Protein chains: 2
Amino acid sequence: MARPPRFDSDQLLDAAVHLAAGGGPAAVTMSAVAQAVGAPSGSVYHRFSGRPALMAEVWLRTVERFQEEYAQSLDQEPDPHRAARAAARHVVAWSRAHPRQAALLLHGPEEFGQADWPPEHRERADGGNRRTLARLAALGTALGATGPEDRERIALAVVEVPLSVVRRHLRAGEALPPYAEDLAEDSATALLDRFG
Amino acid sequence: MARPPRFDSDQLLDAAVHLAAGGGPAAVTMSAVAQAVGAPSGSVYHRFSGRPALMAEVWLRTVERFQEEYAQSLDQEPDPHRAARAAARHVVAWSRAHPRQAALLLHGPEEFGQADWPPEHRERADGGNRRTLARLAALGTALGATGPEDRERIALAVVEVPLSVVRRHLRAGEALPPYAEDLAEDSATALLDRFG
DNA sequence: AGCATATTAGAGAGTTCTCTCCAATATGGA
DNA sequence: TCCATATTGGAGAGAACTCTCTAATATGCT
């Protein structure tokens, strides 16, 4: 009933991930994405209403993929201490398996022009963040956290510290060393020792 | 012997810090800096050879100010454990005292166009990083660190974790909570417990 | 075969920014 | 007073990018 597409959204987003990993989010221009897949710029605008929408989709597709697996690693383990350690490990392991997407996540949504995103995409981001925060809150409760300081310490242990381990190496352009997962897990354990 | 300057470099750099804190490094355009201080764009180019040079100076002035105080906080304390705790605290305290400059540092040199910097500025950055790494290495030796994993753990404790504490709040647009220094110090302590 | 339609294809207008260039200007020193 | 000079002041060329618009094209359905 219609001409078959030569370029689909995922193909364009993949190109955008490559560009962002190589030259940062600023390198993701509509022309660069089009050129990367050999499409005219019109085809990119056919899939995405504009650059803000494209940037939002790149970010959201990546962060949602990450959060989905992250949530699984938290949920699979009933004991909260073991769950926290698994989650810390998982951040590093996922980054090792998906270095370009990890590089992308390290930039943060602001750099992907979050301020200009269409409302629909903003809500998608908010929803994902709410779900993740809720999971962390549940972990905090299970660990016996009491105040905001405790909750923040837990977030440090299972999110920020593992990300820092990854950031150090990816920013330096190195591969993750073999001990990275252990380092993240050990550090998380040290930070959570005071609980339960 | 010459017409007196109405706009000096520091004034332009201050404006650039403001712009970067508000809208990220991308908001630091030559025109925006000029407009912010009421100067014509020609005056900005009279002080800086181009945008890369301006971005480099903004970054370097800020990071050097930070590193100078950071080094002092490490050196003032002979006991390495106490020095590490003081350093972790200091990162947060400095960020509290200089929120805009802290916001700037959280972006990292890449976002300030490091790849385009003139060689002179690159060397300045390398020198500063070398000095800081040397100090961390000395701290590692004093603590009895053996391998790269140990050294990385120490860097996490006295640099990355305190920065993560700051990042969480500045990214959310909040002020740092009163307990932030304690949280950074406690976390550093927990990560360093295994040493000596 | 022929129609309806989703998509490709690409030209080009409009915008924003960087950087250059030159004239105007204000000051200290001779 | 007058000169040398550092700096201001601003216009504008050139580059990169976003986005629009129109025509061409290929497919499924009848």
Side-chain angles (χ1 to χ4, degrees), chain A residues 1-20 22-59 107 111-121, chain B residues 1-20 22-59 107 111-121:
Chain A
M1 194 171 179
R3 176 175 182 169
R6 283 187 52 198
F7 314 102
D8 66 6
S9 297
D10 272 320
Q11 191 179 356
L12 297 172
L13 293 178
D14 290 344
V17 169
H18 259 82
L19 289 166
V28 184
T29 68
M30 300 301 263
S31 341
V33 170
Q35 197 178 356
V37 301
S41 71
S43 294
V44 183
Y45 282 94
H46 188 72
R47 302 285 171 189
F48 303 97
S49 69
R51 187 171 186 259
L54 172 72
M55 297 297 268
E57 295 273 3
V58 180
W59 171 263
H107 282 290
E111 280 199 65
F112 282 82
Q114 191 175 29
D116 305 321
W117 289 0
E120 169 206 346
H121 292 97
Chain B
M1 192 173 176
R3 178 175 181 168
R6 282 188 52 200
F7 315 102
D8 67 6
S9 297
D10 272 320
Q11 190 180 357
L12 297 173
L13 293 178
D14 290 343
V17 170
H18 258 84
L19 290 165
V28 183
T29 69
M30 300 301 263
S31 339
V33 171
Q35 197 179 354
V37 302
S41 71
S43 294
V44 182
Y45 282 93
H46 188 73
R47 302 284 170 190
F48 303 98
S49 70
R51 187 173 185 258
L54 172 72
M55 297 296 267
E57 295 272 5
V58 179
W59 171 262
H107 283 291
E111 280 199 65
F112 283 82
Q114 192 175 29
D116 304 322
W117 288 0
E120 169 206 347
H121 292 96

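Computed from a prediction, not measured in an experiment: that's the story for all the values here. Residue numbers start from 1 in every chain, and the chains themselves are labelled A, B, ... in the order their sequence lines are given, proteins ahead of strands.
Two residues, B/Val44 and A/Ala32, neighbour DNA chain D, and the one matched to the more 5' nucleotide by heavy-atom proximity is B/Val44. Taking the nucleotide of DNA chain C with the nearest heavy atom to each of B/Pro4 and B/Ser49, the more 5' of the two is matched to B/Ser49.
Between A/Val37 and A/Gln11, the closest heavy-atom pair is CG1-O, 4.0 Å. Closest of all the heavy-atom pairs between B/Ala27 and B/Ala32 is O-CB, 3.7 Å. B/Glu57 and B/Leu13 get closest at one heavy-atom pair: CB-CD2, 3.9 Å.
Rounded to an integer number of Å, the gap from CZ of B/Arg3 to P of D/dT7 is 11 Å. Separating the CZ atom of B/Arg47 from the C1' atom of D/dG9 is a distance of 14 Å, rounded to the nearest angstrom. Between the CD atom of B/Gln11 and the C1' atom of D/dT8 there is a distance of 13 Å, given to the nearest Å. Nucleotide D/dA16 holds its P atom 12 Å from the CD atom of A/Gln35, rounded to whole Å. Counting to the nearest Å, the C1' atom of D/dT20 and the OH atom of A/Tyr45 are 9 Å from each other. One can place CG of B/Asp116 at 10 Å from P of C/dC19, the figure rounded to the nearest angstrom. We find that CG of A/Asp8 is positioned 17 Å from P of C/dA6, with the value rounded to whole Å. We find that CZ of B/Phe7 is positioned 19 Å from P of D/dA6, with the value rounded to whole Å.
Between the B/Arg47 side chain and the B/Phe7 main chain, a donor and an acceptor come within less than 3.5 Å of each other. A/Trp117 places no side-chain N or O within donor-acceptor distance of the main-chain N or O of A/Met55, the cut-off being under 3.5 Å.
Regarding contacts with the backbone of C/dA6, every side-chain N or O of A/Arg6 stays at 4.0 angstrom or more from both OP1 and OP2.
Contacts classified as salt bridge (Lys or Arg N to Asp or Glu O under 4.0 Å) and involving residues 6-18 of chain B (residues at least two apart or in different chains) are given here: B/Asp10-B/Arg61, B/Asp14-B/Arg61.
Partners of A/His46 by side chain to side chain donor-acceptor pair (under 3.5 Å), not counting sequence neighbours: none found.
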Quiz item: Base, backbone or nothing for each nucleotide of nucleotides 10-17 of chain C, written B, S, -, heavy atoms under 4.0 angstrom, 5' to 3'?
Solution: BB-----S
